[in-house]
Structures are given as C-alpha cells and as structure tokens.
Novice: 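Structure in structure tokens, see below.
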Amino acid sequence: MLDDMLDYVSQIRQRPVWQPAPDSVEHVFRSSIPSASKSLRETHECFMQSVLPYTVGNSHPGFMGWVHGGGTVVGILAEMLASGLNSNLGGRDQIPIQVEQQVVRWMQQLFGFPESASGLFVTGSSMANFIGLLVARTSKIGTGVRAQGLQRVQQKLVAYTTCEAHSCLERAMEMTGMGGHQLRKIPVNELHQMNLKAFEETIADDRALGLTPFCVIGTAGTVNVGAIDDLSGIAAVALREDLWFHVDGACGALGMMSTKIGAKLLGIEQADSIALDFHKWGQVPYDAGFVLIRNSQLHYDTFASQAEYLRRETRGMAAGSPWPCDFGPDLSRSFKALKVWFTMQVYGTDRLARMMEQTCELATYLANRIEESAELELLAPVNLNIVCFRYRCDDADRVNAEIVVAIQESGLVAPSSTTIGGKFAIRAAIFNHRTSQLEIDSLVEESLRFGRSISQTN
Ligand SMILES: Cc1ncc(COP(=O)(O)O)c(C=O)c1O
C-alpha cells in the first residue's frame with residue numbers, strides 16, 4: 001500500500017487530473033453493510049480500482065481549481081506515523097501535545113504574537129474562523145452568553161467584513177446564533193480590498209441604530225482573486241472603534257514565511273486572531289486548519305468546561321492542564337500537528353517560502369500570457385497566486401462556463417470558475433507546488449482551443 005501511494009505521487013503526471021467515475025464504479029459503493037469479512041487484499045484491490053482513479057485530483061500538477069494544496073510524500077509518511085500511534089490529542093500528559101504546542105510557538109513567531117497566545121489545530125479555516133468569532137464575542141459580552149444564550153444579551157452584535165470574504169464567515173455568524181445578517185459586507189476598491197471609508201461609515205450607521213459593533217474580519221488572500229485587505233488600515237480602525245480584529249488567512253497567511261509575500265501582509269501581526277490552513281499553501285495533507293488567538297485567557301474562557309471524568313491532576317496521565325479540548329469544541333482530536341511538524345522540519349520555512357513565491361510567479365506568467373492574447377481577457381488584478389480570466393466572445397458567460405467544464409473533462413488541467421464584476425470567469429488558483437509552466441501553457445492553449453470551438457458551434 002505504501003508503494004502504491006509513492007507510485008501514485010511519482011506517476012501522477014501520467015493520469016488525468018480528474019475523470020468522472022463510470023456507473024459500474026459508483027455501483028460498488030451502493031452495496032449494503034458487510035456482515036462477512038473480506039480479505040485486506042481484496043479490499044485494497046477495490047480501493048485501487050474504484051477509489052484512487054476518481055479523486056478530484058488536487059495532487060496533480062494540472063489542478064488549479066478552488067483552493068487545494070498538493071500534499072507531499074513527507075505528509076503521507078507523517079500521517080502513517082500519526083495513525084500508527086492513534087493518539088487522541090484532546091488532552092492528558094503526552095508528548096504529541098508538546099508537538100502541537102511547538103507548532104503553536106512557531107506560529108506565534110511567524111506572526112509576531114506573544115508567547116502567551118494560544119493556538120489550536122482544527123479541520124479547516126471554516127472552523128478556525130468560527131472559533132475566532134466566538135472568542136471575539138466573549139471579548140465584547142463576556143462568558144454569560146454560554147449558559148444563558150443570546151436571548152438574554154441586551155446588545156445586538158454586528159461584525160464587518162467585505163463582499164469578497166468567504167461564505168464560511170456568514171455561516172460562522174449563523175452558527176454563533178448572532179445571525180448571518182449581522183455580518184456587514186463592506187464594498188471593495190478596485191484592488192478588491194475593503195473600502196475603509198465605507199467601513200467606518202457603516203460602523204457609525206450601526207452605532208446610530210443602537211447596535212454594538214464587535215468584530216472586523218480582514219482577509220489575507222480572498223478566495224476569488226487572492227486580494228489582501230489593507231490589514232494595517234483595518235487594525236487602526238479596529239483599535240479606534242474597540243473591535244476585535246480577526247484575519248481570515250486561509251489562503252494567504254502562510255505567505256509570512258516569505259519576506260516578499262509577507263510585505264503584503266503587513267498589519268497581520270496586529271490581529272487579535274488569525275485563521276489559516278496548512279492544507280492549502282502549506283502543502284500538508286488534508287485536513288490541517290489552525291487558529292491563533294492573542295489572548296489565551298479569552299480563548300480558554302470561551303470553551304473550557306468542567307466534567308468529573310475529565311478531572312485534571314498535577315501528576316499522572318491527567319496532568320498538563322489546560323488541555324487542547326479547553327480551547328475548542330472538539331474533545332477527540334487527531335494528531336494533525338505531526339504532519340505539519342514534519343513538513344516544517346523537513347522543508348524549513350525558506351524552502352516553503354520559495355515554493356509559495358514560485359506559485360505567485362506562475363500566476364504572473366499566466367496573467368502575462370492572457371494579456372498577450374487578443375482572444376483572452378484578464379478579469380482581475382493578480383496579487384498572489386490566483387488568476388481570473390475569460391475567452392472574449394458573444395454570449396461569453398455561457399461559452400466560458402462550457403470552456404471550464406470542457407477543460408476539466410479533458411483531464412489535462414483543471415481550473416474552476418467564479419464571477420467577477422458580474423462576468424463569468426475561468427479561475428486558476430495555483431496552490432499546488434507541483435504546478436509548472438507546462439500546466440500554465442496547457443491551460444492557456446486549452447482555453448483558446450475550446451473557446452474557439454465552443455463559440456463557433458453555438
Ligand atoms: C479565504 C477563505 N476562507 C476560508 C476558507 C474555508 O477554509 P476550509 O475549506 O479550510 O474550511 C477558504 C477556502 O477556500 C478560503 O479561501
């Protein structure tokens with residue numbers, strides 16, 4: 001099995017990025033609950049035939065859709081070690097928690113946070129943003145809401161982000177019970193960054209209505225175009241207005257490892273909390289989200305609870321309090337930290353930084369190729385590693401939607417899509433460390449080839 005996975009990675013270029021599974025394969029997964037045992041060999045064979053060829057293909061260098069990392073062999077091996085140990089990182093006195101805490105300290109250093117800051121591995125930034133908002137709520141209205149619920153809270157809390165922010169933030173507001181409508185989506189400027197004047201005016205309007213602004217969420221790398229909000233500017237307003245400053249750094253925060261990219265993230269070091277994903281730009285296998293909180297006491301107060309069966313001691317296995325389960329909703333937790341720890345030790349931040357810079361250089365190369373072509377049109381400025389463009393033609397929204405599907409079905413490369421300023425866009429998000437100029441050229445050529453044929457045949 002280990003050989004199969006090493007072969008899978010080393011020979012991945014010979015496979016299509018993605019292919020739809022035939023009915024016969026889908027049928028395999030409709031059989032009922034097995035009562036009799038099957039051999040491991042047979043089950044593995046089924047995996048090789050019916051699972052492995054039909055993934056979304058984000059390990060493939062041609063994958064450029066959504067925001068997916070490529071993974072590494074180092075990550076595969078670390079996952080094997082972690083599942084071999086079968087550690088539960090909810091708590092207790094064990095070195096795996098020290099590994100997680102070491103990564104927390106590395107993140108403190110990366111973002112210029114104090115040693116007293118707390119951090120936690122979570123599934124992804126959807127969860128990390130949710131935790132950030134809950135701690136922000138504690139900072140404004142205290143912990144009484146935990147027992148009494150929002151019904152007993154006098155203040156009507158409102159948060160701010162931009163119309164380009166990820167949809168998980170609205171969901172997080174829904175899940176906190178504060179309500180999705182209480183998230184104000186501030187318009188953006190031509191660089192897709194928060195319009196700070198509109199932000200300040202909206203706060204003033206909300207205060208005039210008797211509402212209580214409590215949090216602002218800046219984005220370090222928007223999902224649509226990779227824009228980075230003016231984080232220093234947001235930090236200054238947050239300070240003046242007494243708002244919690246959270247950064248959604250799912251896409252871009254790890255860029256702090258690079259001096260070049262880090263310069264664009266100036267202001268992130270002033271955040272009260274940061275959400276980020278190692279499974280995106282960090283190339284760690286899924287899932288490896290992380291939240292960093294400046295004020296660990298507020299973080300603890302938001303989640304910690306008492307239970308007799310989780311009693312803490314100063315000696316024995318129940319020592320080492322506080323435990324990770326005191327800082328988030330999960331009690332049972334896998335050893336996600338190990339694959340991050342391995343990745344950071346084996347590659348080091350210099351090499352990871354260079355890899356991230358290379359994805360940005362490829363995005364610039366793609367943007368240049370688009371601008372050189374009279375048939376293609378760039379739809380947004382390229383700031384990091386995401387490029388949005390389209391084929392110029394009549395009925396462009398429909399034709400470009402068909403182009404994206406046709407390219408995905410070709411199996412050569414795989415962009416996704418979005419809408420920019422009302423225009424349907426082909427979107428290439430270059431997060432995979434295996435992507436090279438070859439795949440970028442292929443994306444341009446396939447866009448032109450399908451653009452010509454689809455626009456002519458319809
Ligand atoms: C800017 C941004 N925030 C949050 C998320 C959600 O992250 P996750 O998928 O790790 O939950 C994403 C996902 O692409 C994102 O791009």
Side-chain angles (χ1 to χ4, degrees), residues 56 58 63-71 75 107 119-134 159-176 180 183 185-186 188 191-194 215-229 231 234 246-256 261 264-265 268 271 273-292 328-330 334 336 339-340 356 359 363 380 383-388 414-420 425 427-432:
V56 84
N58 50 301
F63 185 91
M64 303 169 192
W66 298 276
V67 188
H68 289 16
M107 290 304 106
L120 189 77
F121 274 94
V122 290
T123 40
S125 281
S126 300
M127 187 54 91
N129 284 322
F130 178 46
I131 291 175
L133 279 177
L134 285 169
Y160 304 83
T161 190
T162 71
C163 53
E164 295 275 314
H166 196 272
S167 59
C168 69
L169 293 172
E170 188 168 331
R171 272 194 299 150
M173 284 294 283
E174 291 166 8
M175 293 190 292
T176 61
L183 179 65
K185 294 178 185 161
I186 308 296
V188 291
L191 296 175
H192 298 248
Q193 300 166 311
M194 182 182 283
C215 177
V216 56
I217 304 132
T219 301
T222 59
V223 61
N224 259 348
V225 303
I228 299 171
D229 281 326
L231 300 176
I234 295 179
H246 176 78
V247 173
D248 177 359
C251 288
L254 288 178
M256 281 299 277
I261 304 168
K264 301 181 186 210
L265 295 163
I268 199 168
S273 51
I274 303 172
L276 62 95
D277 280 323
F278 292 101
H279 54 225
K280 293 188 167 82
W281 231 357
Q283 312 300 334
V284 171
Y286 281 86
D287 43 42
F290 187 85
V291 62
L292 186 67
D330 292 320
S334 67
K336 297 185 207 301
K339 56 195 172 186
V340 173
M356 289 186 257
T359 62
N383 181 49
L384 281 180
N385 52 351
I386 302 180
V387 184
C388 291
S416 60
S417 66
T418 189
T419 305
I420 304 287
R427 177 177 166 283
I430 304 152
F431 279 85
N432 188 327

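Order of listing sets the numbers, starting from 1, for every ligand and every atom in it.
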Novice: For ligand 1, is there an atom lying under 4.0 Å from some heavy atom of T222?
Specialist: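 Contact check T222 vs ligand 1: negative.
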Novice: What atoms of ligand 1 come within less than 4.0 Å of a heavy atom belonging to C168?
Specialist: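 So the atoms of ligand 1 that pass are 4 (C).
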Novice: Can you pull out the closest protein heavy atom to atom 6 (C) of ligand 1? Residue, atom name and distance to 0.1 Å, please.
Specialist: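 Its nearest protein heavy-atom neighbour is S126 OG, 3.5 Å.
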Novice: Purely on distance, is any nitrogen or oxygen of S125 under 3.5 Å from one on ligand 1?
Specialist: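 Yes, since at least one N or O of S125 sits under 3.5 Å from an N or O of ligand 1.
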Novice: Whether the side chain of N383 engages the backbone of A227 through a donor-acceptor N/O pair (distance < 3.5 Å, no angle test) should be reported.
Specialist: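 No, N383 side chain to A227 backbone: no donor-acceptor pair under 3.5 Å.
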Novice: Provide, to 0.1 Å, the distance between atom 14 (O) of ligand 1 and the closest protein heavy atom, together with that atom's residue and name.
Specialist: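 In this structure, atom 14 (O) of ligand 1 has K280 CE, 3.3 Å as its nearest protein heavy atom.
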Novice: Would you mind running through ligand 1 and noting each atom that sits below 4.0 Å from a heavy atom of G124?
Specialist: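 In order of number, 10 (O), 11 (O).
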Novice: Per the side chain to side chain contact (heavy atoms under 4.5 Å, CB included) rule, which among V223, V225, N224, I386 passes with T418?
Specialist: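 That would be N224.
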Novice: Please confirm whether M127 approaches ligand 1 to less than 4.0 Å, judged on its heavy atoms.
Specialist: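 For ligand 1, residue contact (heavy atoms, under 4.0 Å) with M127 is absent.
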Novice: What atoms of ligand 1 come within less than 4.0 Å of a heavy atom belonging to A250?
Specialist: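 Taking each heavy atom of A250 in turn, ligand 1 has 2 (C), 3 (N), 4 (C), 5 (C), 12 (C), 15 (C) under 4.0 Å.
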Novice: Does W66 offer a backbone N or O that forms a donor-acceptor pair with the side chain of R427 under 3.5 Å?
Specialist: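 Checking the backbone N and O of W66 against the side chain of R427, a donor-acceptor pair under 3.5 Å is found.
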Novice: Atoms of ligand 1 less than 4.0 Å from H279 heavy atoms?
Specialist: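 Result: 10 (O).
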Novice: Need the ligand 1 atom indices (1-based, order shown) with element for anything under 4.0 Å from a heavy-atom of G221.
Specialist: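 Those atoms are 1 (C).
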Novice: In the protein, which heavy atom is nearest to atom 15 (C) of ligand 1, and how far is it?
Specialist: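 The protein heavy atom lying closest is H166 CD2, 3.3 Å.
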Novice: If we ignore angles and hydrogens, is there a donor and acceptor under 3.5 Å between the side chains of D287 and T123?
Specialist: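 Short answer, no.
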Novice: Below 4.0 angstrom from a heavy atom of V223, which ligand 1 atoms are there? Numbered from 1 as shown, please.
Specialist: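 Atoms satisfying the 4.0 Å criterion: 16 (O).
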Novice: Looking only at protein heavy atoms, which one is nearest to atom 10 (O) of ligand 1, and what is the separation?
Specialist: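 Looking at atom 10 (O) of ligand 1, the protein heavy atom closest to it is D277 OD2, 2.7 Å.
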Novice: Considering non-hydrogen atoms of the protein only, which is the closest contact for atom 3 (N) of ligand 1, and what is the distance?
Specialist: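 Checking every protein heavy atom, the shortest distance to atom 3 (N) of ligand 1 gives D248 OD2, 2.6 Å.
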Novice: For atom 16 (O) of ligand 1, which protein heavy atom lies nearest, and how many Å away is it?
Specialist: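 That would be C251 SG, 3.2 Å.
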